[in-house]
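Any value given below was found using the heavy atoms of this structure, including those in side chains, with hydrogens, waters and symmetry copies removed. Letters A, B, ... are given to chains in the order of the sequence lines, protein chains preceding strands, and every chain is numbered from 1.
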Amino acid sequence: MKDTRIGVYVCHCGHNIAGTVDVESVAEWAAGLPGVAVSRDYKFMCSSLGQELVEKDIQELGLTGVVVASCSPHMHEPTFRKACERAGLNAYLFEMANIREHASWVHPNDIERATEKSKALVAAAVSRVAELEPLEPLVAEIKEPTLIVGGGIAGISAALEIADAGHHVYLVEREPSIGGHMAQFDKTFPTLDCSACILTPKMFDVGNHPNITMMTYSEVEQVDGFIGNFTVRIRQKARKVNTDLCTGCGDCWAKCPAKVIDTVFEAGLGYRTAIYRPFPQAVPKYPVIDMESCIYFQKGTCRACEKVCPTGAIDFEQEDETVVVNVGNIILATGVEIFDARRISQYGYGRLPNVFSNLEFERLTNAAGPTGGEVVLRDGVTRPESVAIIHCVGSRDKNYNEYCSAVCCMAALKFSHLVIERTGAEVYSFYIDIRTPMKNYEEFYHRLLEEGVHFVRGRVAEVTDSARTPGEEGKLIVQVEDTLIGKQRRVPVDMVILMNGLEPQSDAKEVANQFGIGCSEAGFYIERHPKLDPVATMTDGVFIAGACQGPKDIPASVAQGAAAAARVLNLIGRGEVEIEPIRASIDEERCSGCRICNNMCPYNAIDYIEDLGVSRVNPALCKGCGTCVAACPSQVISGQHYTFDQLMSQIEGILYDVREGGERVTYAGAEPVEAK
Amino acid sequence: MPSKYSEINPAWGDRDPVIVGFLCNWCSYRAADLAGISRFSYPTTLRDIRIMCTGRLDPTFVLKALREGADGVLVMGCHPGQCHYESGNYKAMRRMALLRRTLAQLGVDPERVQLGWASAAQGNIFRDTVIRMTDAIVRLGPLDWQANITDSIDDIASHFAHLEADEEVAYGR
Amino acid sequence: MAAKAKPKLALYWAASCGGCEISVLAIHEKILDVAEAFDIVLWPCVMDFKRQDVEAMADGEIDVCLFNGAIRTDENAEWAHLLRSKSKVMVAYGSCSSEGCIPGLANFNDSRQMMQYIYLDAPSVDNPDGVLPQMETQVPEGILTLPGFWNTVKTLDQVVPVDYYLPGCPPEAEWTLAAIDAILSGKLPPAGSTIGRASTVCDECPRVRGEKKISRFYRPYEIIPDPDICLLDQGLFCAGIATRAGCGALCPRVNRGCEGCYGPPEGVVDAGAKLISAIASVLDADTPEEIDAILDTLPDPAGYFYRFGLAHSLMHRVRLEKQNGDKVASPVGEIPRLDPSLKD
């Protein structure tokens with residue numbers, strides 16, 4: 001007979017649990033459960049005093065298992081496991097009963113039932129603990145190189161931190177150049193420093209860093225492995241340019257006869273050639289041939305670029321290449337897309353020529369942009385005399401995105417300043433709320449108030465060109481309810497700028513699946529903890545940085561990039577990491593070799609040993625999902641920490657009151673039924 | 001005094017429905033956590049057990065729960081294509097399909113054994129699923145499998161007496 | 001005197017077909033050793049003993065009782081209790097007493113449905129007056145009684161504690177002999193053990209097995225199976241993957257899927273559940289529609305999975321519902337399908 005002495009600790013969590021669950025009565029009742037040696041309730045179990053309570057009992061009472069009934073194991077399982085270890089109890093003899101997230105917080109105003117459910121969860125944990133076995137964590141070596149996906153400012157920031165610390169980085173970027181959205185901007189708020197001036201040196205550093213292997217025009221195809229040892233397959237799309245020979249001189253695109261609208265970097269306002277470099281400061285400096293618009297690839301003749309290239313770098317035969325890299329950690333900094341304002345037809349984007357998107361306006365103001373920084377209407381010459389800026393386009397709107405895109409208010413203020421500076425036009429800014437919470441942001445707002453921007457509080461109903469008065473003729477009319485004066489207004493302007501919100505990349509969900517991380521309904525990646533662990537994910541070794549985690553501006557993206565880098569450097573510095581010893585193993589003595597399990601494993605961790613007629617799990621590949629364990633018809637595969645006996649026992653515990661011989665609980669003042 | 005559920009279905013008498021939930025660690029358990037953090041309230045009927053993946057779900061566990069007094073079993077995992085272990089949820093879906101067919105032959109209404117998906121961000125879907133499943137179970141009434149397999153001598157005697165007394169009604173041709 | 005006395009052996013049959021009785025004889029000439037070694041005190045199939053003879057024995061007087069057959073009636077249960085109290089070692093002999101076996105399939109119905117069919121509705125019945133068996137019947141000589149007929153078939157261990165299990169329908173002679181040898185030599189395994197092998201039928205099956213992927217099931221009449229390849233790989237249901245070894249894979253050797261008579265292998269609580277898990281896992285389908293389409297080719301899954309083990313399974317029987325104060329069996333009529341929205 002096993003000697004079982006379990007300690008049960010029921011946490012009040014201040015009022016969080018104790019306000020809805022009668023924790024004292026749960027603790028008192030749990031003392032009577034089989035195998036329970038001590039049962040206590042305490043205000044805050046996660047406090048050092050709470051943890052010491054557990055440690056003291058383990059040492060003085062010789063506990064063989066511990067149950068803490070408090071919050072989610074995703075919150076404090078590591079905390080209490082460490083406490084058990086400090087007191088000499090194996091960390092895997094600990095179990096949490098989640099009576100906060102799964103009871104008190106979801107069953108308000110029903111103390112009686114929330115308490116009974118908490119008892120069931122505690123009973124389940126106690127009967128599970130009685131079956132738990134001590135385990136030793138597995139140790140995984142951390143491979144030094146890091147993969148960073150996304151070469152925007154967050155990815156650049158992370159890459160430089162890690163590379164400067166002396167460790168290798170693979171930086172993968174889908175576009176031909178790194179730089180991301182920041183490279184498209186002219187000025188940055190609230191300081192109005194030149195975006196290119198601060199970004200270009202960083203891009204240059206990345207391009208020339210001995211510790212950074214930059215892989216632009218490339219995409220991750222497959223990810224295998226786990227923390228410390230990921231195998232990543234990357235497809236480098238054919239540039240059709242031999243980068244060993246190319247000097248980036250520019251003769252090729254100067255002579256290229258195919259001109260197409262640049263919908264990516266120039267946001268549709270400018271043109272590029274078929275062989276092109278997205279922008280002058282691009283890193284790397286090499287061009288790519290866009291096969292869709294290249295005359296040679298479409299019609300079979302031309303090859304003008306090949307003729308003018310002084311180094312013979314043009315290679316029409318070049319094929320996509322697949323590169324496999326081994327890395328210890330991964331940082332995803334895949335950024336965002338901009339909301340497509342065509343979805344809000346009443347704003348006229350795409351229909352009314354002088355309605356511009358925020359990205360178009362960034363290019364208009366950019367000295368290197370299609371107009372050389374001139375703020376002009378769609379005709380390319382007329383300066384606007386009045387400009388409307390519409391906030392929250394596609395944001396804070398249940399029809400599109402409920403969330404606030406965080407950057408648009410400040411960007412709108414920046415635009416207002418630039419319009420006034422470059423054109424002297426009247427600026428009308430239509431807002432719901434002006435949100436300027438960060439350092440020096442509010443000051444910038446006040447500056448714009450002083451510069452004479454007309455702020456109109458109200459969500460714009462419509463932008464139209466149908467005039468009702470002679471004064472409206474030839475203008476765009478912004479129809480809005482000014483909620484401060486409680487009146488409908490029609491404001492005629494020459495130009496409208498839509499502050500389109502930020503949206504997750506359209507393939508964010510697929511990428512999340514590929515890397516095994518969580519993704520919100522909208523498509524933003526889910527952090528391990530919204531406050532305390534904002535750059536880690538639920539998948540060890542995969543971190544997130546920048547706007548792919550949620551809308552954020554440049555300073556926040558840079559900070560997250562650096563934070564993710566710090567987390568990676570921590571792991572590289574340790575050299576190894578403990579991982580959950582949850583693995584499957586096959587009792588070969590009893591395995592009959594039916595081969596049901598062979599196809600179960602997504603990681604191909606199960607081999608069939610032909611001459612022995614048995615199957616075998618390769619523990620290095622197994623991730624412990626337990627799919628083979630459940631499938632095995634002869635029950636010879638066991639899954640550590642989630643064994644058959646442990647789960648069956650847990651089921652018995654969770655049904656302690658309704659199972660045969662159970663003390664059935666009755667409600668609403670009914671007399672309890674005698675145990676059968 | 002009867003259980004509040006007996007107002008809807010008197011069969012509940014003085015007890016509440018009990019649903020055992022098997023939640024995967026990565027999606028649905030976190031969805032339940034999120035429901036908690038978001039203070040989405042739902043009935044107290046669900047008692048959940050965490051497994052690493054719905055792929056770990058041995059149908060034995062479902063039968064065990066029903067046998068031991070549960071009125072229903074809810075299995076929730078990650079959406080197809082989003083399994084933390086790539087494909088465990090597909091295996092769960094196949095097993096649940098066959099299990100429900102088998103249980104139907106044993107007189108267990110398929111609504112008592114349900115499968116659903118909720119991502120870590122879908123606390124609302126988790127709540128809605130628990131509410132919907134509770135409604136279904138309340139409507140179906142208690143399962144009480146333990147009583148189903150208890151056969152007393154009294155039952156037998158009365159059964160034969162019944163055959164005799166109601167022969168006309170029961171066996172009239 | 002105790003040293004000289006031969007150990008006492010009882011063999012009893014409850015709800016069974018008699019095959020187990022014959023299987024005892026399948027040990028051939030060894031039966032003479034049994035007769036030599038034991039003092040057979042009860043064997044109703046072979047020799048005339050009366051209940052009073054057993055009742056007269058002291059508790060624990062019988063050394064070994066081989067009890068075959070399921071518990072179906074009051075009489076079966078009474079004998080089980082009687083023999084349990086008189087026997088030192090109680091062996092559940094054969095599939096019926098171990099796991100319910102074919103009599104246990106009655107648990108898909110209730111006693112009333114059984115009476116209805118057996119005495120009234122079956123095509124072969126000739127019963128114009130609709131006479132039904134009664135527990136008591138008045139005849140000129142007095143009152144005749146029949147034992148109560150249970151609604152639920154039970155296994156021996158659901159009625160009395162059992163020391164050893166000897167599964168099989170019927171048990172193979174090899175294991176009967178092994179049990180007898182163990183008893184005679186006193187080298188008994190720990191109480192509660194099943195006498196037999198721990199592995200599954202696959203272990204003894206000579207067919208070549210591949211990685212499994214099933215895209216449809218065939219019923220035995222639909223295809224002629226390849227004699228060398230795993231039947232399950234060919235889409236033929238075979239319970240061998242979740243059935244205890246010991247028979248030498250008799251059925252698969254003759255091109256027939258294992259039906260599962262040896263019951264679950266060591267450690268398996270519910271062989272049906274494991275068959276569901278294993279077979280569903282290897283379906284070649286990822287959408288609700290595809291899954292259901294494949295499962296439509298496997299009619300009567302409960303019959304396949306619980307052919308021998310229903311009475312000893314977790315669910316034990318079909319659900320009985322209270323109707324007009326009377327309990328009646330109620331399978332859910334429609335085949336449940338997956339919700340198509342589970343696709344995403």
K.L.:
Could you tell me whether the side chain of His74(A) and the main chain of Arg30(B) form a donor-acceptor pair under 3.5 Å?
P.N.:
no
K.L.:
Are side-chain heavy atoms of Glu101(A) and Leu34(B) found at a separation under 4.5 Å?
P.N.:
no
K.L.:
What part of Cys632(A) is in contact with chain B, defined as an atom under 4.5 angstrom from a non-hydrogen atom: side chain, backbone, both or neither?
P.N.:
neither
K.L.:
Write down the atom of Cys53(B), the atom of Cys625(A), and the distance for their closest heavy-atom approach.
P.N.:
CB-O, 3.6 Å
K.L.:
With a 4.5 angstrom heavy-atom cut-off, could you sort out which part of Ile526(A) is near chain B: side chain, backbone, both or neither?
P.N.:
side chain
K.L.:
Hey, are Asn98(A) and Asp48(B) close enough side-chain-wise for a donor-acceptor pair under 3.5 Å?
P.N.:
no
K.L.:
Taking all non-hydrogen atoms of both residues into account, name the closest pair between Ile654(A) and Arg47(B) and its distance.
P.N.:
O-NH1, 2.8 Å
K.L.:
Which answer fits Glu95(A), side chain, backbone, both or neither, if we ask what part of it has an atom under 4.5 Å from a heavy atom of chain B?
P.N.:
neither
K.L.:
Counting only non-hydrogen atoms closer than 4.5 Å, does Ala631(A) touch chain B with its backbone (N, CA, C, O), its side chain (CB onward), both, or neither?
P.N.:
both
K.L.:
Counting only heavy atoms not in Glu402(A) (residues, nucleotides, ligands), do more than 12 fall under 6.0 Å from its CD?
P.N.:
no
K.L.:
Considering non-hydrogen atoms only, spot the tightest contact between Ser520(A) and Ala121(B) and give its length.
P.N.:
CA-CB, 3.4 Å
K.L.:
Name the orientation class of the two ring planes belonging to His102(A) and Tyr29(B) (parallel below 30°, tilted from 30 to 60°, perpendicular beyond 60°).
P.N.:
tilted
K.L.:
Counting heavy-atom pairs under 4.5 Å to chain A, which of Arg127(B), Arg95(B), Gln122(B) comes out on top?
P.N.:
Arg95(B)
K.L.:
So do the side chains of Trp105(A) and Phe40(B) get within less than 4.5 Å of each other, counting heavy atoms only?
P.N.:
no
K.L.:
Please give me the minimum heavy-atom distance between Tyr42(B) and His107(A), naming the atom from each residue.
P.N.:
O-ND1, 2.8 Å
K.L.:
List the atom of Arg113(A), the atom of Tyr5(B), and the distance in Å for their closest heavy-atom pair.
P.N.:
NE-CE1, 4.5 Å
K.L.:
Salt bridge check: are Glu77(A) and Arg50(B) linked by an N-O gap of less than 4.0 Å?
P.N.:
yes
K.L.:
Less than 4.0 angstrom from a charged side-chain N to a carboxylate O is my criterion; do Lys4(B) and Asp110(A) meet it?
P.N.:
yes
K.L.:
Need one label for Ile517(A): side chain, backbone, both or neither, based on atoms under 4.5 Å from any heavy atom in chain B.
P.N.:
neither
K.L.:
I'd like to know if Arg100(A) pairs up with Asp33(B) as an ion pair, taking the criterion as any Lys NZ or Arg NE/NH1/NH2 lying under 4.0 Å from an Asp or Glu carboxylate oxygen.
P.N.:
no
K.L.:
Spell out, as yes or no, whether a donor-acceptor pair under 3.5 Å connects the side chain of Lys91(B) to the backbone of Met600(A).
P.N.:
yes
K.L.:
Give, as side chain, backbone, both or neither, the part of Phe524(A) having an atom under 4.5 angstrom from any heavy atom of chain B.
P.N.:
neither
K.L.:
Under 4.5 Å, counting heavy-atom pairs only, tell me which of Leu57(B), Thr54(B), Asp58(B) racks up the most with chain A.
P.N.:
Asp58(B)
K.L.:
Can you name the closest pair of heavy atoms from Gly36(B) and Val106(A) and give their distance?
P.N.:
CA-CG1, 3.6 Å
